[in-house]
Each structure stands twice: as C-alpha cells, then as structure tokens.
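Here's the structure we're looking at; comments come further down.
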Amino acid sequence: MARPPVEVVAEFVRVAHRVVWCSMATVDRLGRPRSRVVHPYWEQTGDGLIGWVTARPTPLKRAHLARTPYVSCSYWDPMHEIAVAECEAEYAGSPENRRHVWELFGAADPPLGFDLRILGVDEPLDERFTVVRLRPWRLRTAELAWRRTGSAIRLMGSGPKE
C-alpha cells in the first residue's frame, strides 16, 4: 500500500508537531551522512502525508538531493518519544508550493507555526527561499511503523521491532 494507515500518520504527526525540530540527514557526494536541524510541517493529504521543509537553495543541499534524493528525519524528546520519517525528497520551489508552505506555517499555532519572515525573506517568492517536499516511504513511532513495500504494508505495534 502506497498510503500509510491513518493511525500511523496521526501518531507520527502528533509527535512531530509537538517536538517540532528534527535532525534531517542527507547523503553527500562521497556517500557520507550529513545532518542538519530543520523544522518540517507535515501535511495530511488524500494521498497520505507530505512533509514541507523551508530552505535556502544552497548548492550543497541541491547537490545532495540531486545525487541521492532521500532524507531521514528523526524526532526525539527527553521523555523518549520518537518519530522517524524516511522520505523521498525534492526541491519543490514552484510559486504555488512556496505560497502554500508560507501559508501553512503562518496559519499554524506556535511553536509549529511561525512567521517565515524571520528567515530574512519578505515574501514566499523571494529567490533566497524555497521548499523541499518530503514523501515518506517509512514512518516509525515508539509503537507503530509502516513501510511502503509494493502492495504490502507492515504495521507493527505489539510485534517485533525493526
């Protein structure tokens, strides 16, 4: 199943939007992981879940995603509540996407939502601002997991852990 089960999405988004900040890893040109702290917004859609990360379109990030278009996003808090998303990632800097993400962050309550002008740009079409779209192929929380594997899904909660 290409779409994650509703209960996995709900639990993942609950944790991610409460913790807010995550470590996102990309892969550099030599195959080494490179991590950064980001503030994704996870949007539940008819197709499942889309993550949005605001970004400066730097040559380094562009090169990482061009070579290996996957990221890992890991959330953790001191109570050991976790949420992990393994995702296909792509720059999605169309004017429509940039406006949409600008509005998502602006409409959400803090700390998830905030005024994106804090990033040093005045509006969503500023050339120093773009967005990265994340499409999860694997989601994990402390109790649930899902992985897109052809037509099968694996939902774990009481069984063995990965």
Side-chain angles (χ1 to χ4, degrees), residues 2-4 6 8-30 32-142 146 148:
R3 188 177 342 169
V6 172
V8 177
V9 169
E11 180 63 3
F12 174 83
V13 171
R14 182 190 69 76
V15 174
H17 283 187
R18 185 182 60 74
V19 175
V20 178
W21 295 94
C22 75
S23 176
M24 184 177 85
T26 57
V27 177
D28 73 10
R29 65 183 176 84
L30 299 175
R32 301 171 300 195
R34 179 91 177 244
S35 296
R36 60 197 48 80
V37 175
V38 296
H39 181 162
Y41 187 106
W42 295 95
E43 181 180 18
Q44 297 179 60
T45 69
D47 294 331
L49 187 64
I50 301 271
W52 297 104
V53 176
T54 61
R56 296 199 181 279
T58 66
L60 182 64
K61 282 184 240 171
R62 285 195 181 280
H64 288 185
L65 293 181
R67 183 177 188 279
T68 307
Y70 299 98
V71 302
S72 176
C73 297
S74 182
Y75 295 86
W76 174 85
D77 76 356
M79 299 299 294
H80 301 290
E81 193 164 42
I82 61 147
V84 177
E86 309 291 346
C87 305
E88 298 165 342
E90 65 181 338
Y91 274 95
S94 72
E96 297 78 22
N97 286 337
R98 290 161 60 187
R99 284 186 190 105
H100 177 67
V101 171
W102 189 277
E103 291 170 9
L104 284 176
F105 276 99
D109 291 331
L112 177 64
F114 66 99
D115 185 347
L116 292 175
R117 288 179 287 209
I118 197 170
L119 302 175
V121 296
D122 293 325
E123 53 97 18
L125 300 184
D126 189 303
E127 65 185 28
R128 298 168 295 167
F129 170 79
T130 193
V131 296
V132 176
R133 179 178 26 231
L134 308 175
R135 296 183 188 276
W137 60 268
R138 181 177 178 268
L139 294 173
R140 176 104 166 87
T141 66
W146 163 84
R148 181 178 55 205

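Quick note: numbers below take in every heavy atom, side chains included, and nothing from hydrogens, waters or symmetry partners. The structure presented is a predicted model; accordingly, all values stated were derived computationally and were not measured.
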Give the intermediate values and the outcome of ring-ring contact (aromatic ring centres under 6.0 Å, His included) for residues F12 and W146. CA-CA 10 Å; F12 174 83; W146 163 84; over 10 Å; no
Checking side chain to side chain contact (heavy atoms under 4.5 Å, CB included) for the pair H64/V27: CA distance, chi angles, key distance, verdict? CA-CA 6 Å; H64 288 185; V27 177; over 6 Å; no
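How far CD of E123 is from CZ of R117: 10.5 Å, rounded to the nearest 0.5 Å. Distance check, rounded to the nearest 0.5 Å: CZ of R98 to CG of L116 gives 12.0 Å. Atom-to-atom distance recorded for R99:CZ and L125:CG is 4.5 Å, nearest 0.5 angstrom. To the nearest 0.5 angstrom, M24 atom CE is 6.5 Å from L134 atom CG. A distance of 9.0 Å separates CG in N97 from CD1 in I50, rounded to the nearest 0.5 Å.
Here the options are V132, L65, V38, the test is side chain to side chain contact (heavy atoms under 4.5 Å, CB included), and the partner is V71; only L65 passes. Exactly one residue among R32, K61, R36 makes a side-chain hydrogen bond (donor to acceptor under 3.5 Å, both in side chains) with T26. That residue is R36. Just one residue in the list F114, Y41, F129 forms a ring-ring contact (aromatic ring centres under 6.0 Å, His included) with W102, and that residue is F129.
Counted within 6.0 Å of OH on Y70, heavy atoms from surrounding residues, nucleotides or ligands total 12 or fewer; the atom is thus considered open. L30 CG: more than 12 foreign heavy atoms inside a 6.0 Å radius. Counting heavy-atom neighbours within 6.0 Å of D109 CG, excluding the residue itself, gives a total of 12 or less.
For the pair E88 and R135, the salt-bridge criterion is not met [side-chain N within less than 4.0 Å of a carboxylate O].
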